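Working notes, structure below.
Worth saying up front: this structure is predicted, and the values here are computed from it rather than measured.
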Amino acid sequence: MTVTINDVAQAAGVSKGAVSYALNGQPGVSDDTRERILRVARELGWKPNLRAKSLSSAKAFAVGLVVARDPRLLGTDPFFPAFIAGIETTLVEHEYVLVLTVAASADAEELGYRKLAADSRVDGVILTDMRVDDSRIALLKSLKIPAVTLNRPETPSPFPAVCMDDTEGIAAAVEHLVSLGHTKIGHVGGPQSYIHGRSRRLAWQNAMSKAGLEAGSFIEADFTAAGGLAATAELLRSAQRPTAIIYANDLMATAGQSYAQSLGLAVPGDLSITGYDDTELARYLNPPLTTVPADPLLWGRVAAQQLLSLLGGAPAEDIYLPSPKLVVRASTGPAPGTPNN
């Protein structure tokens with residue numbers, strides 16, 4: 001049975017108005033009375049009616065997330081389920097809900113934001129997959145929707161960002177492979193229209209240059225398993241076939257490792273492989289994958305906390321998460337032809 005404000009008022013021996021003041025943190029009751037009302041509400045198991053609460057406060061008590069992905073592929077990428085779980089972990093503690101929209105095209109993505117604004121369905125949104133010349137910043141400003149971005153966009157933005165430097169992990173992967181004698185190190189990257197796709201390519205390129213090596217072969221893929229497999233096939237067919245490949249995420253690395261093994265190549269004997277994300281599956285591959293942990297659960301949790309703080313009137317300040325460190329496992333080893341191979 002649902003416990004109402006009337007039930008709490010009767011049990012506490014006060015008026016409905018006093019209960020409303022106490023439960024909503026408003027002045028109008030003494031500290032002793034407020035404490036008694038809150039204690040009675042807990043004992044009775046009272047829970048707020050979010051619909052009624054939103055009507056009375058002009059808030060939706062909801063946060064929006066528009067994911068620009070093919071719906072058929074979204075479930076195959078381990079990053080987003082973990083990221084969404086992190087968001088939900090924070091929202092449930094503050095009695096907010098997540099409104100998720102999956103958009104398969106640019107037009108559908110823009111429409112998704114416009115609908116959220118027109119219907120006042122959310123109080124703010126979280127932006128992922130920041131892009132070069134990201135048009136969503138101007139769109140959200142025009143729609144007057146508060147937002148938090150994952151990493152700071154290149155486009156001038158009034159919104160706070162939750163930042164994580166992904167370049168250190170890629171650079172560490174290059175340094176690790178160079179220490180193992182590799183000189184031909186390829187890179188399978190994400191779309192270069194994404195800031196994190198481009199930053200990981202540049203980190204690989206700069207680290208190779210720092211080691212006195214040519215950057216070698218780069219293939220732009222799409223963060224999917226199929227894209228990773230196709231890019232791996234292209235690299236392994238090339239005249240300058242790499243002895244090691246750094247992938248921009250674990251999903252592409254997993255597909256690439258499987259493809260190389262299907263050709264009879266030994267990993268890491270003939271080909272060393274590194275990923276990025278440190279998904280749950282990475283440690284259970286054969287061999288286990290050397291990778292960089294991105295911790296999407298933490299990203300989701302902190303992004304939601306930052307957005308709720310912004311909605312509560314806090315300053316729009318960026319948050320910097322610790323840079324992830326390379327986790328070395330058995331998918332990397334000495335380059336072919338070196339004494340230890």
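Under the 3.5 Å distance criterion, the side-chain polar atoms of Gln192 are matched with a main-chain donor or acceptor of Gly197. With hydrogens and angles ignored, the 3.5 Å screen pairs a side-chain donor or acceptor of Gln257 with a backbone N or O of Pro287. With hydrogens and angles ignored, the 3.5 Å screen pairs no side-chain donor or acceptor of Asp165 with any backbone N or O of Ser323. In this structure, the side chain of Thr232 engages the main chain of Gly228 through a donor-acceptor pair within 3.5 Å. Judged by distance alone, the side chain of Arg200 and the main-chain N or O of Ala248 form a donor-acceptor pair under 3.5 Å. The backbone N or O of Pro153 sits nowhere less than 3.5 Å from a side-chain atom of Ser157 that would complete a donor-acceptor pair. In terms of modelled atom types and a separation under 3.5 Å, the side chain of Thr338 and the main chain of Ala335 share a donor-acceptor contact.
The two residues Gly169 and Val292 make their nearest non-hydrogen contact at O-CG2, 3.7 Å. Scanning both residues, Pro324 and Pro293, for their nearest heavy atoms gives CB-O, 2.7 Å. Here the closest heavy-atom approach between residue Gly333 and residue Pro268 is recorded as N-CB, 3.4 Å. Nearest heavy-atom pair, Leu127 versus Ala147, reported as atom, atom and distance to 0.1 Å: CD1-CB, 4.3 Å. Between Pro156 and Ile137, the shortest heavy-atom distance links the atoms O-CG2, 3.5 Å. Here the shortest heavy-atom pairing between Phe61 and Asp123 reads N-OD2, 2.8 Å.
Expressed to the nearest 0.5 Å, how far CG of Asp250 lies from OG1 of Thr274 amounts to 9.0 Å. Distance check: Ser331 OG to Leu289 CG gives 4.5 Å after rounding to the nearest 0.5 Å. Distance check: Thr224 OG1 to Leu229 CG gives 9.5 Å after rounding to the nearest 0.5 Å. One finds the OG atom of Ser272 at 9.0 Å from the CD1 atom of Ile185 (value rounded to the nearest 0.5 Å). Atom OH of Tyr320 sits about 9.0 Å away from atom CG of Asn151, to the nearest 0.5 Å. Rounding to the nearest 0.5 Å places CG of Asp270 at 10.5 Å from CD of Gln261.
Heavy atoms of other residues, nucleotides or ligands lying less than 6.0 angstrom from CG of Asp31 number 12 at most. Around the CZ atom of Arg121, the shell of radius 6.0 Å holds no more than 12 heavy atoms that belong to other residues, nucleotides or ligands. When the shell of 6.0 Å around CD of Glu93 is examined, it contains more than 12 heavy atoms from other residues, nucleotides or ligands. Annotation: Glu43, atom CD; neighbour count of heavy atoms from other residues, nucleotides and ligands within 6.0 Å is above 12.
In this structure the side chain of Arg329 reaches within 4.5 angstrom of the side chain of Asp278, judged on heavy atoms. In this structure, Ile245 and Leu271 have side chains that are in contact, with non-hydrogen atoms separated by less than 4.5 Å. Between Phe79 and Asn249, every side-chain heavy-atom pair lies at or beyond the 4.5 Å cut-off. Residues Leu297 and Arg301 meet the side-chain proximity criterion, which asks for heavy atoms closer than 4.5 Å. Looking at Leu235 and Val188, their side chains come closer than 4.5 Å, going by heavy atoms from C-beta outward. Using a 4.5 Å cut-off on side-chain heavy atoms (C-beta onward), Thr101 and Val67 make no contact. Contact annotation: the side chain of Lys325 approaches that of Glu168 to within less than 4.5 Å [non-hydrogen atoms, C-beta and beyond]. Looking only at side-chain heavy atoms (C-beta outward), Ile195 and Arg131 stay at 4.5 Å or farther from each other.
Both Leu307 and Leu65 belong to a common hydrophobic cluster when Ile, Leu, Val, Met, Phe, Trp and Tyr are linked at side-chain heavy-atom distances under 4.5 angstrom. Note: the hydrophobic cluster containing Ile126 also contains Val162 (ILVMFWY, side chain heavy atoms under 4.5 Å, direct or indirect links). Hydrophobic clustering, with ILVMFWY side chains joined whenever heavy atoms are under 4.5 angstrom apart, groups Tyr96 together with Ile84. Note: the hydrophobic cluster containing Leu308 does not contain Ile145 (ILVMFWY, side chain heavy atoms under 4.5 Å, direct or indirect links). Neither Val102 nor Val125 shares a network with the other; the hydrophobic side chains, linked directly or stepwise wherever heavy atoms of I, L, V, M, F, W or Y lie under 4.5 Å apart, form separate groups for each.
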List the steps and the verdict of side-chain contact (heavy atoms from CB on, under 4.5 Å) for Thr90 and His94.
CA-CA 7 Å; Thr90 293; His94 295 84; 4.1 Å; yes
Kindly indicate, with the supporting measurements, whether the criterion side-chain contact (heavy atoms from CB on, under 4.5 Å) is fulfilled by Arg36 and Val14.
CA-CA 10 Å; Arg36 185 170 80 253; Val14 297; 3.2 Å; yes
Asp134/Thr155 under side chain to side chain donor-acceptor pair (under 3.5 Å): CA gap, chis, key distance, verdict: CA-CA 6 Å; Asp134 203 317; Thr155 306; over 6 Å; no
Using the side chain to side chain donor-acceptor pair (under 3.5 Å) rule, take Asp277 and Thr279 through it: C-alpha gap first, then chi angles, then the decisive distance, then the call. CA-CA 6 Å; Asp277 285 338; Thr279 57; over 6 Å; no
* To do: Carefully, step by step, assess Leu150 and Phe83 under the rule side-chain contact (heavy atoms from CB on, under 4.5 Å).
  => CA-CA 11 Å; Leu150 291 198; Phe83 178 68; 3.6 Å; yes
Point to revise | Derivation of the side chain to side chain donor-acceptor pair (under 3.5 Å) call for Thr290 and His176 | key: CA-CA 10 Å; Thr290 294; His176 167 64; 4.9 Å; no
- Query: Could you go step by step and tell me if Arg69 and Asp129 meet the side-chain contact (heavy atoms from CB on, under 4.5 Å) rule?
  - Reply: CA-CA 10 Å; Arg69 286 285 193 280; Asp129 289 337; 2.6 Å; yes
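Listed by first and then second residue, the ring-ring contact (aromatic ring centres under 6.0 Å, His included) pairs involving residues 206-229 are His187-Phe218, His196-Phe223 (not counting sequence neighbours). Residue pairs meeting the ring-ring contact (aromatic ring centres under 6.0 Å, His included) criterion with at least one partner in residues 243-290, sequence neighbours excluded, do not occur; the list is empty.
Using a 4.0 Å cut-off between charged side-chain N and carboxylate O, Arg136 and Glu109 make a salt bridge. Ion pair Arg114/Glu110 flagged as a salt bridge, since at least one NZ, NE, NH1 or NH2 atom sits closer than 4.0 Å to an Asp/Glu carboxylate oxygen.
Remark: the Asp107 side chain and the Ser105 side chain contain no N/O donor-acceptor pair separated by less than 3.5 Å.
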